[in-house]
Amino acid sequence: MECIVHFEVDHTEGVKPLRGLVFLDEGQTPGEQELIDMFKDMKFAVRLDDREKLIFKPVNPGETYSQIRITGFDSGKPNSKEDHELKSLVGNLLPQKPAGL
């Protein structure tokens with residue numbers, strides 16, 4: 001199943017909305033590693049910085065962008081939600097940050 005990931009890249013010259021594509025098994029939603037791999041395929045070397053707000057930061061300090069924020073998922077199904085339920089959806093998908101980090 002295809003899942004379109006909507007996101008915004010904060011460049012020095014402004015915010016640019018983009019989309020990426022993740023292939024998943026039926027009924028699945030993308031997790032942290034699938035998202036990082038998608039960004040890697042798009043030449044964005046990132047790490048998850050804020051689980052709650054779904055913000056990824058560049059691994060290399062010399063990049064021309066400061067962050068990437070996921071704004072929505074679209075699996076093509078009518079019950080596919082964006083923004084207003086995104087935080088709770090991904091909060092259940094991504095592994096929780098270990099205590100003390």
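Just so it is clear, the structure is predicted and the values come from calculations on it, not from any experiment.
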Do I68 and F39 come within less than 4.5 Å of each other through their side chains, counting heavy atoms only?
yes
| query | Got F73 and I4 here, is their nearest side-chain heavy-atom distance under 4.5 Å? | reply | no
Rounded to the nearest 0.5 angstrom, the CE-CG distance for M42 and L21 is 9.5 Å
Those residues at least two apart in sequence (or on a different chain) that pass side-chain hydrogen bond (donor to acceptor under 3.5 Å, both in side chains) with D41 are none
Determine yes or no for a side-chain-to-main-chain donor-acceptor pair under 3.5 angstrom, with D25 supplying the side chain and Q28 the backbone. no
Is there a side-chain contact between E34 and I36 in this structure, where contact means two heavy atoms from C-beta onward sitting under 4.5 Å apart? no
In terms of heavy-atom contacts, S66 and K57 come closest through O-CD, 3.4 Å
Quick note, salt bridge (charged side-chain N to carboxylate O under 4.0 Å, His left out) partners involving residues 11-22, not counting sequence neighbours, are none
Residues pairing under ring-ring contact (aromatic ring centres under 6.0 Å, His included) where one sits in residues 18-37, two or more places apart or in two chains, turn out to be none
Taken in chain and number order and not counting sequence neighbours, the residues that satisfy ring-ring contact (aromatic ring centres under 6.0 Å, His included) with Y65 are F44
The reported gap from OG1 in T29 to CE in M1 (rounded to nearest 0.5 angstrom) is 7.5 Å
Sorted by chain and number, sequence neighbours left out, salt bridge (charged side-chain N to carboxylate O under 4.0 Å, His left out) with E8 holds for R69
When rounded to the nearest 0.5 Å, the distance separating CD1 of I70 from CG of L54 is 5.0 Å
If hydrophobic clusters are built by linking Ile, Leu, Val, Met, Phe, Trp and Tyr wherever their side-chain heavy atoms come under 4.5 Å apart, do I55 and V46 end up in the same one?
no
>> Quick one, Q67 with D49, criterion side-chain contact (heavy atoms from CB on, under 4.5 Å). Give me CA distance, side-chain angles, the key distance, then yes/no.
In response: CA-CA 9 Å; Q67 69 178 20; D49 185 65; over 6 Å; no
Next on the checklist: If you define the side chain from C-beta out and look only at heavy atoms, does anything of V15 sit under 4.5 Å from V9?
Outcome noted: no
All heavy atoms of C3 vs all of L24, minimum pair found to be CB-CD1, 4.0 Å
Taking every heavy atom of K53 against every heavy atom of D50, the minimum-distance pair comes out as N-OD1, 3.1 Å
Here the pair of heavy atoms bringing T71 nearest to F7 is OG1-N, 3.8 Å
Side chain to side chain contact (heavy atoms under 4.5 Å, CB included) filter on N60, not counting sequence neighbours, yields A45, E63
